[in-house]
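These notes are about the structure you will find just below.
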Amino acid sequence: MRKLVSTITGREYPFERLEEFADNGEALEVVMAGIEQARPRPGQHLWERFAEFLPFKAMDPAVSLGEGNTSLVDAGGRLKAFTGIDRLLLKNETQNPTWSFKDRGSLACVFMAQEMGERVTATISTGNMGHSIAAYGARAGLKPLVFVPEFAPREKLMAMTIHGATVIRVHAPDYAAMKKAVLGLAREFNLRIVSGNGPIRAEGYKLTAFELYEQMRGELPDYIAVPTSACGHVRGLFKGCRELLAAGLIGRLPRMIVVQAANNSPIVSAIKQGAQHVIPFANFHTVAEAITTGNPMGGDEIIAKAYQHGWLAEDAVEEEIMEAQRVLAQAGWFVEPATATSLSAVRKLRAAGRIAPAESVVLMLTGAGLKDPDALKHQPSKIVESRLDRVRQDVEHALS
Ligand SMILES: Cc1ncc(COP(=O)(O)O)c(C=O)c1O
């Protein structure tokens, strides 16, 4: 038995539902009977090992692009000194096929599309999700269709079109309005338009929690810090943890750290103020271009979970984001600004004593630095323009 249940009021819907949210706008999640008895089993792929936790009837290995299996690495002295956190680990999701965590969700969406006999895989995106859906659509022989807002960066659109996606650029007063309108078309066109916070994507992101569980040999960290926009990643990760707990495989839940850019912090502001509902942001600008959902649908669930489970929430102002991107790069990890927000956030939370000295923290490195080349214009760069008749002096100078 598998069904969709709305995450606050518990309304039930069939698993095959095309719309991504409940009729009252709440996020939906997959509920499966018997999760308490689910157990990992041997298998080559993560989704094979955790098949009993997943709702899909058939999972064709041929649609995988080799996602997952990303490194969990000790953050090293520099980042530990910067944050003041000794037990700091990085989960490098930039190692996924399209260089972001989105690929795990796209795999789940393609499993679902195949099960339902769909020909098209469609989404709304400013970049990473569209790129990922385009690649997985191409791999599975589905037609990728991506709706983008007019401000979506050209390089990201090119990444979608090279995989053969049809890109529809929608001019609208704001991104939230555009998303709502496009999602509203789903039933009319009998088209599953997957959103960043849809129930099927969350099933894909669950896999990251399972992978962490394997990599940490049955333990999970005290905290997992997640840069947040549509809210799909943080809730999928946490759902995976909840299911591990329900199955008796872990003894306690890690706490999530919800991170946003201060210029667009609809969830973090709400949690900090003790509000129950998303505080919408509009007409903002942030260098963290990948986390720009100003009014995330289903965001109230995340706020409710934050109070219920003692999560933390923190933001980063523009200068802090750029600093964090630099510091991560100087330690060896080149990530996009949206990803860098969490380094700054955990540093502030540690300084404020919200994270205790002995507690362990995993930072999710959600997207690679070259995904947002435009942001680099805000970073200093030192390039020595040389010539053949001067290169010796320039080398001497560089080595001095
Ligand atoms: C690099 C990066 N980090 C974080 C996020 C936030 O994830 P979510 O929208 O699932 O909250 C996104 C989403 O678009 C992203 O592209």
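Counting starts at 1 for both ligands and their atoms, following the listed order. Residue numbers start at 1 and run along the sequence shown.
- For ligand 1, the atoms sitting less than 4.0 Å from at least one non-hydrogen atom of Glu336 are 1 (C), numbered in the order shown with element in parentheses.
- For ligand 1, the polar-atom distance check against Gly367 finds no nitrogen or oxygen pair separated by under 3.5 Å.
- The closest approach between Val234 and ligand 1 stays at or above 4.0 Å for every heavy atom of the residue.
- Side-chain contact annotation: Ser344 with Glu323, donor-acceptor N/O pair under 3.5 Å absent.
- Residues Thr341 and Gln260 have side chains that never bring a donor and an acceptor to within less than 3.5 angstrom of each other.
- For the residue pair His131 and Lys371, a side-chain donor N or O sits within less than 3.5 Å of a side-chain acceptor on the partner.
- Shortest contact from atom 6 (C) of ligand 1 to any protein heavy atom: Pro227 O, 3.4 Å.
- Scanning the protein for heavy atoms near atom 10 (O) of ligand 1, the closest one is His233 N, 2.9 Å.
- Between Ala290 and ligand 1, a contact under 3.5 Å exists for at least one N or O pair.
- Between Glu29 and Arg242, at least one side-chain N (NZ, or NE/NH1/NH2) sits under 4.0 Å from a carboxylate O, which counts as a salt bridge.
- Under 4.0 Å from ligand 1, the heavy atoms of Cys231 that appear belong solely to its backbone.
- Protein heavy atom nearest atom 9 (O) of ligand 1, with residue, atom name and distance: Ala230 N, 2.8 Å.
- Side-chain contact, Ser106 with Arg201: a donor N or O sits under 3.5 Å from an acceptor N or O.
- Residue, atom and distance of the protein heavy atom nearest to atom 16 (O) of ligand 1 are Asn128 ND2, 2.7 Å.
- When the side chain to side chain contact (heavy atoms under 4.5 Å, CB included) test is applied to Lys57, the partners found at least two apart in sequence or on another chain are Arg2, Glu115.
- In this structure, the protein non-hydrogen atom closest to atom 7 (O) of ligand 1 is Phe101 CZ, 3.3 Å.
- Remark: minimum distance from atom 3 (N) of ligand 1 to any protein heavy atom is reached at Thr366 OG1, 2.8 Å.
- Residues meeting the side chain to side chain contact (heavy atoms under 4.5 Å, CB included) test with Ser229, sequence neighbours left out: Ile291, Thr293.
- A cation-pi arrangement, defined by a distance under 6.0 Å to the six-membered ring centre and an angle within 45 degrees of its axis, is present between Arg17 and Tyr13.
- At least one N or O atom of Lys102, backbone or side chain, sits closer than 3.5 Å to an N or O atom of ligand 1.
- Using modelled atom types and a 3.5 Å distance limit, the side chains of Glu67 and Tyr136 yield a donor-acceptor pair.
- Interface of Ile291 with ligand 1, defined as ligand atoms under 4.0 Å from a residue heavy atom, comprises 4 (C), 5 (C), 6 (C).
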